[in-house]
Amino acid sequence: MNDSPHIGHAYTSLACDVLARFMRLDGRDVMFLTGTDEHGQKVQKSAIAAGMEPQDFVDQVSERFRALGGVMGYSNDDFIRTTEDRHTRSCQELWRRIKANGHIYLDKYAGWYSVRDEAFCTEAEVTDGPGGGKVTVADGSPVEWVEEPSYFFRLSDWQEPLLEFYEKYPQAVAPESRRNEVISFVSSGLNDLSISRASLKWGIPVPDAPDHTMYVWLDALTNYISAAGFPDTECDTWRTYWPADLHMVGKDILRFHTVYWPAFLMAAGVEPPTRVFAHGWWTNEGQKMSKSLGNVIDPHQIVARYGLDAVRYFLLRALPFGSDGDFSHRAIVGRMNDDLANDYGNLAQRVLTMAYRNCGAAVPQPGAFTASDEALLGAAETLVSTVRADIGEQGFHRALIHIWEVVGQANRYVDEQAPWVLRKEDPARMATVLYVVMETLRHLAVLTQAFMPDSSGRMLDQLGVAADARELAALGADGRLAPGTPLPKPKPVFPRFVEDSPDS
RNA sequence: GGCGGGGUAGCUCAGUCGGUAGAGCAGUGGAAUCAUAAUCCAUGGGUCGGGGGUUCGAGUCCCUCCCCCGCUACCA
């Protein structure tokens with residue numbers, strides 16, 4: 001972390017947030033962790049470039065990441081910084097255990113290091129750069145020659161155990177295509193990994209060898225167990241939450257999380273996390289985002305422009321989770337207006353307004369349900385198990401598609417039943433119809449809470465659903481809306497996005 | 001070079017065990033008028049990247065070629 005957060009950072013934690021919120025609504029005990037990794041040469045260089053001391057620099061940048069959580073509405077339980085004491089203790093203990101188990105040895109490193117990638121490179125991975133220096137073949141990052149004493153991790157010993165691990169836990173790397181990549185990489189053989197730098201000061205000192213600083217990825221990855229309480233493996237958080245059920249990462253850091261990290265942990269005798277999900281990257285209006293192009297999307301700006309819940313919805317609905325995607329104005333406006341305002345928001349508005357005006361501003365009293373009524377209610381009540389399964393495998397976009405199938409079904413039901421006709425001809429039947437849709441809306445709003453907490457909460461307010469009756473357990477026939485419950489005057493929940501007129 | 005994933009309606013994409021192509025958006029026509037002019041219905045003659053093959057029949061299996069993306073390797 002050496003700069004301000006952008007949409008990619010926001011996306012990673014957003015997915016975690018939706019998952020965490022959904023699990024909590026489902027009665028699960030969740031620990032949702034995020035934070036900042038603050039060590040290494042890259043950070044040190046950025047600090048110098050900014051004319052600051054490293055600590056002051058990371059204080060500032062970390063604060064921006066913490067603030068992002070407020071802007072995006074994250075419900076994280078902890079926020080860890082790798083410059084905290086708890087993390088230093090944890091890292092050094094992890095090192096000691098790996099070393100005590102015989103997996104670390106001292107040697108000399110002579111080779112290339114990419115500061116930008118924070119990775120060591122083989123001779124084959126570098127080439128002559130345009131400016132005369134050497135750069136990586138992969139993305140042209142400058143590399144520098146490093147020749148110094150270094151501690152090494154015997155990664156080469158972990159090829160078989162890792163392959164067995166992937167075999168034993170088929171879900172350990174997702175999506176499937178990433179799992180293939182990782183297995184293919186590990187199968188091709190692993191080299192021992194340099195895990196300390198003698199020439200770097202901004203980092204965690206190696207135990208009993210203070211002139212060495214720990215490799216930034218060994219340091220950074222360890223944050224997960226630091227926050228879980230390591231090395232105190234008797235504490236509640238550790239016993240409850242480790243091994244982690246999921247690490248959510250961008251595809252650029254897949255290897256660190258699925259090869260190095262489980263190997264480090266196994267070498268220390270600690271159980272590795274059971275799943276790592278690598279999500280894709282965003283482009284901006286079809287273009288790769290980069291600082292030099294100046295088209296990096298700032299989460300603050302899009303939230304200010306479109307609203308938080310619209311952004312949250314769009315990011316998770318626009319593409320299959322795991323794929324790359326494009327953020328475009330046209331696309332997000334389409335989702336806002338079509339899915340949110342027209343289909344979902346207007347469904348609520350049209351029905352709530354009728355109930356408010358024609359049923360004494362209260363939840364209507366339903367009569368006997370017809371087959372049509374039962375069909376819609378059944379679809380709504382079945383939804384929870386579908387969505388639970390989707391989210392359980394991080395299929396966020398599938399979950400939303402399934403929810404919106406019921407939104408569409410409800411709109412068709414309203415048109416077929418035509419409660420505005422029933423109002424004159426059969427008010428009792430109208431009350432039943434309105435009740436059925438409101439009960440459907442209750443299910444929809446409860447399920448969309450994880451994605452759009454604020455809007456969904458307002459919709460539940462308008463349905464007269466009590467604050468303590470909004471968990472998944474309240475879904476189904478047992479938790480149905482109580483007829484006679486007073487309703488507030490309906491207000492649109494999802495605003496349409498109206499373009500500024502070009503001549504104004 | 002190897003491995004993996006793709007190339008399907010104007011756009012974004014679905015297409016299970018092979019049976020003569022689907023959704024959403026956009027467009028067109030209509031219905032309705034409760035509602036955020038929001039909804040609903042009807043309407044999609046696309047060589048399913050090219051070519052060849054298997055089959056009674058292939059986006060859907062096999063071969064080959066082209067293009068895109070990812071991982072990985074190599075460059076005497």
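Below, read A as the first sequence line, B as the second, and so on, with proteins coming before strands; counting in each chain starts at 1.
- Aromatic ring centroids of Phe264(A) and His103(A) lie 6.0 Å or more apart.
- The separation between Arg330(A) atom CZ and C11(B) atom C1' is 6 Å, rounded to whole Å.
- Of the P atoms belonging to U20(B) and C48(B), the separation is 16 Å, rounded to the nearest Å.
- Note: Tyr109(A) and Phe120(A) meet the aromatic proximity criterion, with ring centroids under 6.0 Å apart.
- Considering only side-chain N and O atoms, Arg496(A) lies under 4.0 angstrom from the phosphate OP1 or OP2 of A38(B).
- Atom CD of Gln409(A) and atom C1' of U39(B) are 15 Å apart (whole Å).
- Atom CG of Asn411(A) and atom C1' of C34(B) are 12 Å apart (whole Å).
- With respect to the salt-bridge test (charged N to carboxylate O, under 4.0 angstrom), the residues Lys42(A) and Asp37(A) do not qualify.
- Anti is the conformation of G52(B), whose glycosidic angle sits further than 90° from 0.
- One can place CD of Glu416(A) at 14 Å from C1' of A31(B), the figure rounded to the nearest angstrom.
- Closest to the side chain of Val414(A), from the set C25(B), C34(B), G70(B), is C34(B).
- Between Lys134(A) and Glu144(A) there is no salt bridge, since none of the side-chain N atoms of the basic residue sits less than 4.0 Å from a carboxylate O of the acidic one.
- As rounded to whole Å, 11 Å separates atom C1' of U33(B) from atom CZ of Arg423(A).
- A centroid separation of 6.0 Å or more is found between the aromatic rings of Phe451(A) and Tyr313(A).
- Here the side chain of Glu125(A) is nearest to one of A73(B), C40(B), A35(B), namely A73(B).
- Counting to the nearest Å, the P atom of G24(B) and the CZ atom of Phe314(A) are 19 Å from each other.
- Regarding contacts with the backbone of G24(B), every side-chain N or O of Arg317(A) stays at 4.0 angstrom or more from both OP1 and OP2.
- Pairing for G24(B) goes to C11(B), judged as Watson-Crick or G-U wobble with the two contacts each under 3.5 Å.
- Within 3.5 Å, no donor on the side chain of Asn342(A) pairs with an acceptor on the base of A38(B), nor the reverse.
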